[in-house]
Each structure stands twice: as C-alpha cells, then as structure tokens.
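The structure appears right after this line, and notes come after that.
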Amino acid sequence: MTELPSRRLLLVHAHPDDEAINNGTTMARYAAEGAHVTLVTCTLGQRGEVIPPGLAHLSGEALGDHRRTELAAAMRELGVSDFRSLGGPGRYHDSGMMGLPDNDDPRCFWQADVDEAAADLVRVIREVRPQVLVTYDTNGGYGHPDHIQAHRVAMRAADLAAEPGFGPELGEPWTIAKIYWNRVPRPVAEEGFARLKDVLDELPFPASAAVDDVPGVVDDSLITTEIDGTPFAAAKAAAMRAHATQIEVVEPWFALSNQLAQPLFVVEYYELVRGEHEGPARETDLFAGTVEKDEGVR
Ligand SMILES: CC(=O)N[C@H]1[C@@H](O[C@@H]2[C@H](O)[C@H](O)[C@@H](O)[C@H](O)[C@H]2O)O[C@H](CO)[C@@H](O)[C@@H]1O
Ligand SMILES: [Zn+2]
C-alpha cells in the first residue's frame, strides 16, 4: 500500500476549469509543500461553450475528451498528480446551465442519485483519508446544476465515509476533520472590479462581469480562512490558460466564454463549515489543527 504524505487535501469540483478558477494557488501551494492534493471532477464538461475558433468544432463527447486533456495540462501547471473523474471518465455528464432541457438528460449529473454518486466519492475518501475537503456552498457558488450537485454529493459522501456501517467494500471508515466552501469576500470582489474598471478599455474583453457574477461572494464576516497564494500566481494563470476552451487569461484578469472580464484572484478564501476553527483570527492554513489528529500515514 503506497505511503501518503501526512497532509491530504481533497477538492470536489463540477467541471474541468473550476479547480483552477477557485483553488489554483491553494492547490499549487500545498502540492509544492508536499501535501497530497486529490482533485475529483464530477463531469467532463461536455456541454461547455468553446472560445477558440479553431476548436469550435468540438462538442459533446469530443469536447469532454478534449477538456480532459486541458485538465491534465492544468494539473501539470499546479504540480498535482492525483486527479480523477467521479465514478470514472464520462460516468456523469455535464448538465448544462440551470433551466435548460439539458438538465433532463438521464446521463447528466443533475439527474444522478446523490447517494449513488456519493458512494463513488466515499471510495476515494476512504482511500486517500483527507483531513480537509473543499467544495462549493449549497448554491454551487452560482446556481449551476452540476455545482449544486457537486456540493450535495461531496457533503453526503463526507457523512457516509465516516459511517462504520456504510459500504464496508468501499474501505475503512474515515472522518474528514475540516470541510470548507469556496468563498470570495464582497469587499475583495468590489476592490477587484474597481481596479478592472480603470483598465477595461485596454483589455480584449468588451465588458466587465459584475461582483455578483463571481461564485461564492459573501459578506466578509463569513470568511474563516485566507490562503495567500501570491507566490503561485503564475501557476494559477497557466492552469486557467490550459483550459483554453473555457477561459481567456490576460493577467491579472480573465474571461469565460461570455467574454465578461473579471479579476483573477491569487489570494483564495474559504468558509469553514465543519471542524474546529483554529484561533480567533482568520486561519491561514486549511490544515490548521488537523495533522496532529491524523492517524498517521499509511
Ligand atoms: C465556470 C463554469 O462552471 N463553467 C461551466 C458553464 O460554462 C458557462 C456556460 O457555458 C454559459 O452559457 C456561458 O455564458 C459561460 O461563459 C460559461 O462559463 O456551464 C457549462 C455547461 O454546463 C460547463 O461546461 C462549464 O464548465
Ligand atoms: Zn463549473
């Protein structure tokens, strides 16, 4: 059985690109520090729009396959080697934006049985035994069905993985010590868009997104943890650039296929929703207070 590092972080995301956008510097930092970083992506993004004209021919399964290669390239930029598709590549299909007929496709993640999908994730949790889990809030950050479902499956899997009577064939029970949701403090978002307004005319993007277009924007008081990934800014930008069908990067800004410019944040923020908060001040380490409780490496 392979021996894993003493610090182990699991991130659960909906599509290839979300991990770089939300947690690029966090992943790069912990990978560089020798922690074991595991990414589980729930769909291959088969229903995404495509930015580069030279790739516009890609759609459906061909787009999904291509986005897998983009994800692998992004992981190389972040130094992450353990990245997986929930239930195996193509098990759960991209559901499309909320409200579209795509959401009714029986193959799509939005139609998946949460407990069945969670069992796929329990197997990973009991193998990796992470102290920390990062995922989205109850609205998936911005209401996309795959993001909402990724939240539901991740939170359910964290509960099931800890239950001694659940799925003995999936491995020994494991309790994740700390669970965080991706967040952006409203003042940080507002300051970023204020800076963007001053330079928008110099950028190749026709317009700016709005503060509330940024997933997970919340009042500053909800932020429990701040990971300063400034030393890994270039890695995050490169990882986002690797998702070329979805993201155009002009540092320190980026745009999705909607061509609406937004800030590329290199300090990444979180809300601790399960586990013990370390200290009255904001945490600066997702693993704060956990490793000494670890049962040791395997
Ligand atoms: C960041 C993210 O979650 N992207 C999803 C999203 O893509 C958006 C969607 O295509 C929308 O129509 C565009 O206006 C927007 O610019 C895109 O970011 O939804 C896709 C379909 O489910 C998904 O593949 C993509 O990863
Ligand atoms: Zn997404």
Side-chain angles (χ1 to χ4, degrees), residues 11-24 27 39-53 55-56 58-71 73-74 83 85-86 89-105 107-112 134-154 181-182 184 189 204-210 212-217 236-237 239-250 253-265 268:
L11 303 103
V12 178
H13 276 293
H15 311 106
D17 70 8
D18 295 309
E19 82 293 331
I21 297 168
N22 288 278
N23 313 111
M27 295 171 75
L39 168 67
V40 173
T41 305
C42 297
T43 82
L44 296 179
Q46 298 94 335
R47 288 197 161 96
E49 297 173 353
V50 174
I51 298 173
L55 297 176
L58 292 174
S59 65
E61 300 319 303
L63 177 57
D65 290 343
H66 181 82
R67 289 182 73 176
R68 280 184 75 193
T69 69
E70 292 184 337
L71 181 59
F83 53 100
S85 292
L86 182 66
R91 172 71 183 80
Y92 301 104
H93 199 278
D94 185 335
S95 306
M97 295 292 273
M98 186 61 85
L100 294 179
D102 300 338
N103 304 166
D104 302 325
D105 183 333
R107 301 171 300 170
C108 75
F109 191 42
W110 184 239
Q111 294 298 327
V134 168
T135 190
Y136 312 109
D137 65 18
T138 54
N139 188 40
Y142 75 100
H144 188 295
D146 292 331
H147 285 234
I148 294 170
Q149 194 77 320
H151 160 85
R152 292 172 179 172
V153 168
W181 292 347
N182 295 307
V184 177
F205 308 123
S208 168
D212 286 311
D213 293 330
V214 176
V217 170
K236 175 167 183 173
M240 290 175 68
R241 214 172 260 123
H243 290 289
T245 58
Q246 304 301 307
I247 308 171
E248 192 174 356
V249 177
V250 178
W253 322 102
F254 76 95
L256 303 170
S257 60
N258 58 16
Q259 287 289 285
L260 298 177
Q262 54 182 301
L264 190 165
F265 297 114
E268 294 171 344

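These numbers come from the heavy atoms of this one structure, side chains and all, not from hydrogens, waters or symmetry mates. Count residues from 1 along the sequence. When a ligand or atom number is given, it counts from 1 through the structure's own listing order.
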Legend entry - Which of the ligand 1 atoms, numbered from 1, are nearer than 4.0 Å to a heavy atom of D94: 21 (C), 22 (O), 23 (C), 24 (O)

Inset, instruction - Give the residue, atom name and distance (to 0.1 Å) of the protein heavy atom nearest atom 19 (O) of ligand 1. - result: H144 NE2, 3.2 Å

Legend entry - Side-chain donor-acceptor contact under 3.5 Å, E70 with T245: yes

Inset, instruction - Measure the acute angle between the ring planes of W181 and H151, then classify it against the limits of 30° and 60° as parallel, tilted or perpendicular. - result: perpendicular

Inset, instruction - Can you pull out the closest protein heavy atom to atom 8 (C) of ligand 1? Residue, atom name and distance to 0.1 Å, please. - result: M97 SD, 4.1 Å

Inset, instruction - Provide the atom name of the closest N, O or S atom of H15 relative to the Zn ion (ligand 2). - result: ND1

Inset, instruction - Check whether any N, O or S atom of H147, backbone or side chain, sits closer than 2.8 Å to the Zn ion (ligand 2). - result: yes

Inset, instruction - Would you mind reporting whether H15 and Q246 have side-chain heavy atoms less than 4.5 Å apart? - result: no

Legend entry - Close side-chain approach of L11 to E19, heavy-atom, < 4.5 Å: no

Legend entry - Identity and separation of the nearest protein heavy atom to atom 7 (O) of ligand 1: Q246 OE1, 4.4 Å

Legend entry - Geometric N/O contact N258 with ligand 1, under 3.5 angstrom: yes

Inset, instruction - Determine whether W253 and P263 make a side-chain contact, defined as any pair of heavy atoms from C-beta on separated by less than 4.5 Å. - result: yes

Legend entry - Within reach of ligand 1, part of H147 (heavy-atom separation under 4.0 Å): side chain

Legend entry - Identity and distance of the protein heavy atom lying nearest atom 6 (C) of ligand 1: Y142 OH, 3.6 Å

Inset, instruction - Just jot down the ligand 1 atoms closer than 4.0 angstrom to any heavy atom of R47, in number order. - result: 21 (C), 24 (O)

Legend entry - Region of D17 engaging ligand 1 - heavy atom pairs below 4.0 Å: side chain

Legend entry - Short N or O distance, D18 and ligand 1, threshold 3.5 Å exclusive: yes

Inset, instruction - Ignoring hydrogens and angles, tell me if any N or O in the side chain of S95 forms a donor-acceptor pair with the backbone of N103 under 3.5 Å. - result: no

Legend entry - Side chain Q111, main chain D105, donor-acceptor under 3.5 Å: no

Legend entry - Top protein contact for atom 12 (O) of ligand 1, by heavy-atom distance: E49 OE2, 3.1 Å

Legend entry - Heavy-atom check, side chain of M98 versus side chain of Y142, under 4.5 Å: no

Legend entry - Side chains of N182 and H13 in contact at under 4.5 Å (non-hydrogen atoms): yes

Inset, instruction - Report yes if some heavy atom in the side chain of N22 is under 4.5 Å from a heavy atom in the side chain of Y136; otherwise report no. - result: yes

Inset, instruction - Verify the distance test for D18 against the Zn ion (ligand 2): any N/O/S atom under 2.8 Å, yes or no. - result: yes

Inset, instruction - Check each atom of ligand 1 against the heavy atoms of R67 and keep those under 4.0 Å away; list them by number with element. - result: 23 (C), 24 (O), 25 (C), 26 (O)

Inset, instruction - Give the minimum heavy-atom separation between L44 and P16, together with the two atoms involved. - result: C-CD, 3.6 Å

Inset, instruction - Using distance alone, decide if ligand 1 has a nitrogen or oxygen within less than 3.5 Å of any nitrogen or oxygen in S95. - result: no

Inset, instruction - Check whether any N, O or S atom of H13, backbone or side chain, sits closer than 2.8 Å to the Zn ion (ligand 2). - result: no

Legend entry - Residue and atom name of the nearest protein heavy atom (relative to atom 17 (C) of ligand 1), distance in Å to one decimal: S257 OG, 3.6 Å

